[in-house]
Protein chains: 4
Amino acid sequence: MRADARRNRERIIDAALGLFAERGPGAAMEEIARAAGLGVGTLYRHFPDRRALVEEIAVGALQDLRAEVRALEALDVPRGQVLERLVAYCAGQPFALIKALAEEDAAPAERRELQAEVDGLLEDLARRAQGEGTVRRDIAPREVVELFSTVVCRPGARADDALARVVLDGLRRDPAPRSP
Amino acid sequence: MRADARRNRERIIDAALGLFAERGPGAAMEEIARAAGLGVGTLYRHFPDRRALVEEIAVGALQDLRAEVRALEALDVPRGQVLERLVAYCAGQPFALIKALAEEDAAPAERRELQAEVDGLLEDLARRAQGEGTVRRDIAPREVVELFSTVVCRPGARADDALARVVLDGLRRDPAPRSP
Amino acid sequence: MRADARRNRERIIDAALGLFAERGPGAAMEEIARAAGLGVGTLYRHFPDRRALVEEIAVGALQDLRAEVRALEALDVPRGQVLERLVAYCAGQPFALIKALAEEDAAPAERRELQAEVDGLLEDLARRAQGEGTVRRDIAPREVVELFSTVVCRPGARADDALARVVLDGLRRDPAPRSP
Amino acid sequence: MRADARRNRERIIDAALGLFAERGPGAAMEEIARAAGLGVGTLYRHFPDRRALVEEIAVGALQDLRAEVRALEALDVPRGQVLERLVAYCAGQPFALIKALAEEDAAPAERRELQAEVDGLLEDLARRAQGEGTVRRDIAPREVVELFSTVVCRPGARADDALARVVLDGLRRDPAPRSP
DNA sequence: TATGAATGAGAATTCATTCAT
DNA sequence: AATGAATGAATTCTCATTCAT
């Protein structure tokens, strides 16, 4: 029964992601439950309210991203390529949707902390890449992270679309001299 | 009386933009009317339903943007700087908000056509800039427009923030040679 | 239209009192609205939530009671009879119901103050009656008020039922000597 | 096993009384089960539905009261003091709560009969006390019982609070002559 | 037999829209 | 033409009860 419950929990999250993607972040709880093949009551047993469900999705995505960042560091990928790899990873995740969902309410402490942690990891990455010379130095690490986030949180973002290419490329080089 | 009506229409749109900005795209019709100093009935006299109001805002913004593009062309601004100027213009407009509003429902014909027209103007611009050599050639004009849109439709976008700088900068030059 | 709205407000309160009496304090808002011949929306326009409706009823009853106490004082009814008159007045009001309703949530400031004021008036009354010798002196004024409230807040309370008679009678005389 | 079951049954009833007292008669079945250290399923094994649980509590209290009345009669307590003793007994029981619970639904036959029996016992008591002259005769035995019930079914009722004193005192003596 | 997960009917509340004044 | 009252469908959430394990 524990296994069953876990399965249902997964189903709910999947159904929610599906419906949010299809119908926007306003998808009704009832519909999510139905899409998961469950009654509303079951949904509410797993997530005490709408926020809790959204939160689970947001926090889950952040945790996965954190794991990914750590894995890349552990693999000793050359610093200059880590950002590319992360963009590629994120392109496979529904970050645009998750961002929209997360903006609905103020972030609770847990999410804020996790976000800060992930941002910290990414800033470190940016800082070290700047040290190595693989990311230009006139952009603050914090801004690099913001750029990364913009690149990655777009509906239909792909790792090799124009924005990703221009930004990753742009980060790698010193700024062009301003045209006169 | 006609003047009165026009004034009311303006007030409603202003109030709507204000409330949408403040409270998100979910702001209630009643509140918008109140913020405009009118009753709901009057709001509905001007806009038969919520969509019509949103539509007016979206279409208005596109028309303004079209006018701006044309004005810049008429002014004979050096092609290489037009994009910068447009980004600067857009940074002063609530495009992030408008994009969010516009995504709520499928775009009706009028908006689709206007959007296509503006996109066309911007693509022409990109194409000519590529001809002049002020925009790199390995990015399709359509993609340049998409880039532009991403840069410009962010909450709090500024003409000189990191994304704007990196993208405008990146567009100007040929791609960096891939690191070996 | 203002007249209409006022009428509707009255109807809602009447319907609510009726349904609360019939079905207990759990009567559904939808049913109350229907019983008033209105849609739920209208009910909610008049009372922003369930509490507000209950509060209106409770506060209204307290205000009426305060008016009654004052009227009796103004009429210069002999002090010894005022309590009887008040019991008679209250017997005609649904105080048992109102008490049950009011106990559902903590009293907000307005009601607490009004309650305190009414209690104060009644205590004064008791104190003066004790001064005159028409109410026995070994019961604190506050307790007299509590007694009054118990007599009056019973379902089906009547001004001449056994409890009312025994209590009013008991209040009038000095305590019986305890049987040995 | 039977002993276990009995213990669980007791625990449920205790938990229910506790929660009803704490949170009002709306306490949820799930919470009651938890408070009893059991799962809902077990609660429902003992009591087929909410009513059955409430009924058990109400009937139990009536049975205890009946036992108390009989015990007092068997002890040959002077009639004039039996009412006092009963009030004292009841003050220790949650009769106010039980009354509120019992009013939620119509009483089923079993409870009605038991109630009638207890009322009968109390009426007999009243009648005999009137015969002895320890209770005044102008109040019908049925009304005496009603009085008793009102005294005893108040939240926080105590055997020596104002109402109890005034009523018990009032019952003992002939009515005061009406003031002229 | 005990457990707690699942169910769904029901309740409160919101808000776009209509309509009487 | 302007107003704001009325409407009711849609939504979130709760809780008694059932049932699989």
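Naming convention: chains lettered A, B, ... in sequence-line order (proteins, then strands); numbering from 1 in each chain.
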Legend entry - Between SG on residue B:Cys90 and CG on residue B:Leu65, distance to nearest 0.5 Å: 5.0 Å
Inset, instruction - Counting Watson-Crick and G-U wobble pairs whose two distances are both under 3.5 Å, find the runs of 3 or more in a row that involve DNA chain F. - result: E:2-21 with F:2-21
Which atom pairs, donor and acceptor, lie under 3.5 Å between side-chain atoms of residues 30-41 of chain C and protein residues at least two apart or in another chain?
from: C:Glu30; atom 1: OE2; to: C:Arg34; atom 2: NE; distance (Å): 3.2
from: C:Glu30; atom 1: OE2; to: C:Arg34; atom 2: NH2; distance (Å): 3.3
from: C:Glu31; atom 1: OE1; to: C:Arg23; atom 2: NH2; distance (Å): 3.4
from: C:Glu31; atom 1: OE2; to: C:Arg23; atom 2: NH2; distance (Å): 2.1
from: C:Arg34; atom 1: NH1; to: C:Leu38; atom 2: O; distance (Å): 3.3

Legend entry - Side-chain touch D:Leu17/D:Pro94, heavy atoms, less than 4.5 angstrom: yes
Inset, instruction - Flag the pair B:Arg7 and B:Asp4 as a salt bridge only when some basic side-chain nitrogen lies within less than 4.0 angstrom of an acidic carboxylate oxygen. - result: yes
Inset, instruction - Would you mind reading off the distance between B:Ile32 atom CD1 and F:dT3 atom P, rounded to a whole angstrom? - result: 16 Å
Legend entry - By side chain to side chain contact (heavy atoms under 4.5 Å, CB included) - contacts of D:Ala106 (at least two apart): none
Legend entry - Selection residues 99-110 of chain B - residue pairs positive for side chain to side chain donor-acceptor pair (under 3.5 Å), sequence neighbours left out: none
Legend entry - Distance, rounded to the nearest Å, where A:Arg34 contributes CZ and F:dT11 contributes P: 14 Å
Legend entry - All salt bridge (charged side-chain N to carboxylate O under 4.0 Å, His left out) counterparts of C:Arg154, not counting sequence neighbours: C:Asp161
Inset, instruction - Starting at the 5' end of nucleotides 10-18 of chain E, put B wherever the base has a protein heavy atom under 4.0 Å, S where only the sugar-phosphate does, and a dash everywhere else. - result: --SBB-SBB
Legend entry - All side chain to side chain contact (heavy atoms under 4.5 Å, CB included) counterparts of D:Ala109, not counting sequence neighbours: D:Arg112, D:Glu113
Legend entry - Nucleotide F:dT3, atom C1' - distance to CG of C:Asp4 in whole Å: 14 Å
Legend entry - Spacing between A:Ile12 atom CD1 and E:dA5 atom C1', to the nearest angstrom: 11 Å
Legend entry - Interface with DNA chain F, restricted to residues 101-111 of chain B and to heavy atoms under 4.0 Å: none
Legend entry - D:Leu97 and D:Pro155, any side-chain heavy atoms less than 4.5 Å apart: no
Legend entry - side chain to side chain contact (heavy atoms under 4.5 Å, CB included) partners of B:Glu117, counting only residues at least two apart: B:Arg66, B:Arg70, B:Leu114
Legend entry - Selection residues 37-48 of chain D - residue pairs positive for side chain to side chain donor-acceptor pair (under 3.5 Å), sequence neighbours left out: none
Legend entry - Spacing between A:Arg7 atom CZ and F:dT21 atom P, to the nearest angstrom: 10 Å
Inset, instruction - Starting at atom CG of C:Leu38, determine the distance to atom P of F:dT7, rounded to an integer number of angstrom. - result: 5 Å
Inset, instruction - Please check the phosphate of F:dA5 (OP1 and OP2 only) for any side-chain N or O of C:Thr42 closer than 4.0 Å. - result: no
Legend entry - Rounded interatomic separation in angstrom, taking CG from D:Asn8 and P from E:dA2: 7 Å
Legend entry - Whole-Å distance separating the NE2 atom of A:His46 from the P atom of E:dG4: 14 Å
Sequence neighbours excluded and cut-off under 3.5 Å, please list the side-chain donor-acceptor pairs for residues 47-62 of chain B, or say none.
from: B:Asp49; atom 1: OD1; to: B:Arg51; atom 2: N; distance (Å): 3.4
from: B:Asp49; atom 1: OD1; to: B:Ala52; atom 2: N; distance (Å): 3.1
from: B:Arg50; atom 1: NH1; to: B:Pro25; atom 2: O; distance (Å): 3.4
from: B:Arg50; atom 1: NH2; to: B:Ala27; atom 2: O; distance (Å): 2.2
from: B:Glu55; atom 1: OE1; to: B:Arg111; atom 2: NE; distance (Å): 3.4
from: B:Glu55; atom 1: OE1; to: B:Arg111; atom 2: NH2; distance (Å): 3.3
from: B:Glu55; atom 1: OE2; to: B:Arg111; atom 2: NE; distance (Å): 2.7
from: B:Glu56; atom 1: OE1; to: B:Arg9; atom 2: NH2; distance (Å): 3.0

Legend entry - Approximate separation, where rounding is to 0.5 Å, of D:Ile12 CD1 and D:Met29 CE: 8.5 Å
Legend entry - Members of residues 13-24 of chain C that approach DNA chain E, where some heavy atom sits under 4.0 Å away: none
Inset, instruction - Would you check if D:Ile98 and D:Phe20 make a side-chain contact, meaning some heavy-atom pair closer than 4.5 Å? - result: no
Legend entry - Proximal nucleotide (of E:dG8, F:dG4, E:dT7) relative to the C:Arg45 side chain: F:dG4
